[in-house]
Visitor: 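Right, I'll just put the structure down here and ask away after.
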2 protein chains.
Amino acid sequence: MSLRHAILGLLARQPSTGYDLTRTFDVSLATTWPASHSQIYPELGKLEGAGLVEVVERGPRGSKTYGLTDAGRDELRRWLVEDEPDRSQRNESGLRLFLTPLLPSQDRRSVLARDLAHVEQQSAILVAIRDQIEEAGRDDPFAAQVDLGIRVNEVISAWLAEQLDRT
Amino acid sequence: MSLRHAILGLLARQPSTGYDLTRTFDVSLATTWPASHSQIYPELGKLEGAGLVEVVERGPRGSKTYGLTDAGRDELRRWLVEDEPDRSQRNESGLRLFLTPLLPSQDRRSVLARDLAHVEQQSAILVAIRDQIEEAGRDDPFAAQVDLGIRVNEVISAWLAEQLDRT
DNA sequence: AAATGACATGTCGAATCCGACATGTCAATT
DNA sequence: AATTGACATGTCGGATTCGACATGTCATTT
């Protein structure tokens, strides 16, 4: 169950409320590990019950800021270093790509073109983020991830363009 | 619900038994869209109930070979061409990559090295498949997918090596 | 004073997914 | 004749996920 560890990981970076976590999932993990608040709040409760997180502060509007306990930190480290990762990458886009050869040429072209447009748009977003980070001049560990995303998108984009040419 | 469409797609390529589908999911879709027989058999039943597939042949050992109905073919095409794809790519490896900056240098190195080894091993497998396809000389639409996999792996592999150097 | 919108937490039910359990057939080997 | 292993289909319960429903606070704008 990765949701548990995703939350532990985010809390390790920064003590947060459930609401904060929901926003982080939305902006930084929407693609990689989607989760909505209806999953996050109950999971925080379980985590608290298991002694892996604790409420470190109570703010206005009934907000509760959670932080890791020592046990939580241990568990996070154990998971990252010792647990064998689940390497599956469930993605509908890949499934669609696998099936597009079934389509007649015209349909196939329109599907590939739609994908290409999407990838290029994503690339633009990532490049903008990279530039922002560069400008800020901070040494952001996140920069490397963004860079990986840009490079992967470039490869996919080129591949889609090739496929379009050949279809 | 993509499982439904994954099954329709596989049956469009080739009428198959639940057992056949299970094997195809295992070898061709294990990474992209994992599914076990305990999901596949009930789904085939629902699909049959909905009139999208039908039993086209009964063989030994009680096997039932399913094929698409016209309604099934329509639904598959509709999904591929008209439905907006779900672009999320739930993957634990990405989540881990996002969190590794939290780790002390030594742990981080060992995690990155493990990932690198895995990606290189996957690359080797894909290259072997590519060579096999090339030798067979068939014009396999699957070849392009394999090629994409190889290229993506190359990028990831290079990125991981860089990160290792810097850590 | 009312309205709006971001902040904030929660529950519920339906659908999905997954591993374990269960059963049986058929061909080839021992 | 018995065993083994691939073929073949199914169910069940627990966990996970997801969208919808529900409630309330606080600051800013109108």
Side-chain angles (χ1 to χ4, degrees), chain A residues 1-8 10-11 14-27 29-50 53-66 79 84 86-92 95, chain B residues 1-8 10-11 14-27 29-50 53-66 79 84 86-92 95:
Chain A
M1 195 197 359
S2 296
L3 176 64
R4 165 175 251 110
H5 297 103
I7 291 176
L8 290 177
L10 294 184
L11 292 181
Q14 174 102 272
S16 312
T17 64
Y19 190 81
D20 293 335
L21 292 174
T22 303
R23 274 207 270 83
T24 307
F25 270 98
D26 272 355
V27 302
L29 292 173
T31 305
T32 305
W33 203 271
S36 58
H37 78 277
S38 64
Q39 265 185 287
I40 291 167
Y41 286 112
E43 190 61 35
L44 277 171
K46 282 186 221 163
L47 248 16
E48 194 182 16
V53 307
E54 60 188 353
V55 176
V56 294
E57 195 194 323
R58 279 161 190 281
R61 281 170 275 210
S63 78
K64 291 182 282 185
T65 301
Y66 289 90
W79 179 72
E84 195 52 36
D86 172 358
R87 305 280 182 179
S88 68
Q89 309 202 345
R90 184 174 241 107
N91 79 108
E92 203 189 273
L95 173 61
Chain B
M1 195 198 355
S2 297
L3 176 63
R4 163 175 253 108
H5 297 102
I7 291 176
L8 289 177
L10 295 184
L11 292 181
Q14 174 101 271
S16 313
T17 64
Y19 190 81
D20 293 335
L21 292 174
T22 304
R23 275 206 269 86
T24 307
F25 270 99
D26 272 356
V27 302
L29 292 172
T31 304
T32 306
W33 203 270
S36 59
H37 79 277
S38 64
Q39 265 185 286
I40 291 167
Y41 286 112
E43 190 62 34
L44 277 172
K46 281 186 221 162
L47 247 15
E48 195 183 12
V53 306
E54 60 188 353
V55 176
V56 293
E57 195 195 324
R58 278 161 191 281
R61 280 170 275 211
S63 77
K64 289 182 283 184
T65 301
Y66 290 90
W79 180 71
E84 195 52 37
D86 172 357
R87 306 280 182 180
S88 67
Q89 310 201 344
R90 183 174 239 108
N91 79 107
E92 203 189 275
L95 174 61

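Within every chain, numbering begins at 1; the chains are lettered A, B, ... in the order of the sequence lines, protein sequences first and strands thereafter. Given the structure is predicted, the values throughout are model-derived calculations rather than measurements.
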Visitor: Regarding A/Arg90, tell me which of base, sugar-phosphate or nothing describes its non-hydrogen contacts under 4.0 Å with the strands shown.
Guide: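 Contact class for A/Arg90: sugar-phosphate only.
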Visitor: Calculate, to the nearest 0.5 Å, the distance between atoms CD and CH2 belonging to A/Gln89 and B/Trp33 respectively.
Guide: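 Here the interatomic distance stands at 13.0 Å.
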Visitor: For a quick test of reading the model, state the closest non-hydrogen atom pair linking B/Ser63 to B/Thr17 and the distance between them.
Guide: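 Between these two residues, the closest heavy atoms are CB-CG2, 4.2 Å.
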Visitor: Can you name the side-chain hydrogen bond (donor to acceptor under 3.5 Å, both in side chains) partners of A/Arg61, sequence neighbours left out?
Guide: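 Per chain and number, A/Arg61 pairs via side-chain hydrogen bond (donor to acceptor under 3.5 Å, both in side chains) with no residue.
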Visitor: Between D/dA6 atom P and B/Asp26 atom CG, what is the distance in whole Å?
Guide: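 B/Asp26 atom CG is separated from D/dA6 atom P by 14 Å.
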Visitor: Could you check how far CG of B/Asp86 sits from P of C/dA15, rounded to whole Å?
Guide: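 Interatomic distance, CG of B/Asp86 to P of C/dA15: 19 Å.
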Visitor: Mind checking the NZ-CD spacing from B/Lys64 to B/Glu48? Nearest 0.5 Å is all I need.
Guide: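 These two atoms lie 6.5 Å from each other.
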Visitor: For B/Ile40 and D/dT11, what is the distance between atoms CD1 and C1' respectively, to the nearest whole Å?
Guide: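 About 15 Å, once rounded to whole Å.
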Visitor: From NE2 of B/His5 over to P of C/dT16, roughly how many Å is that when rounded to an integer?
Guide: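 To the nearest whole Å, that distance equals 11 Å.
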Visitor: Please report the distance, rounded to the nearest Å, between CZ in A/Arg58 and P in D/dC26.
Guide: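 Atom-to-atom, A/Arg58 to D/dC26, this comes out as 15 Å.
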Visitor: Would you mind reading off the distance between B/Ile7 atom CD1 and C/dT16 atom C1', rounded to a whole angstrom?
Guide: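 Rounded to the whole Å, the gap is 13 Å.
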Visitor: Give, for atom CZ of B/Arg90 and atom CZ of A/Arg90, the distance between the pair rounded to the nearest 0.5 Å.
Guide: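 Those atoms lie 9.0 Å apart.
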Visitor: Go along nucleotides 2-14 of chain C 5' to 3' and tag each nucleotide: B for a protein heavy atom under 4.0 Å from its base, S when only backbone or sugar atoms are that close, - otherwise.
Guide: ----BBBBBB---
Visitor: For B/Trp33 and C/dC18, give me the distance from atom CH2 to atom C1', rounded to whole Å.
Guide: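 These atoms are roughly 14 Å apart.
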Visitor: Output yes when A/Asp20 and A/Arg23 qualify as a salt bridge under the 4.0 Å nitrogen-oxygen rule, no when they do not.
Guide: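 Yes, A/Asp20 and A/Arg23 are salt-bridged.
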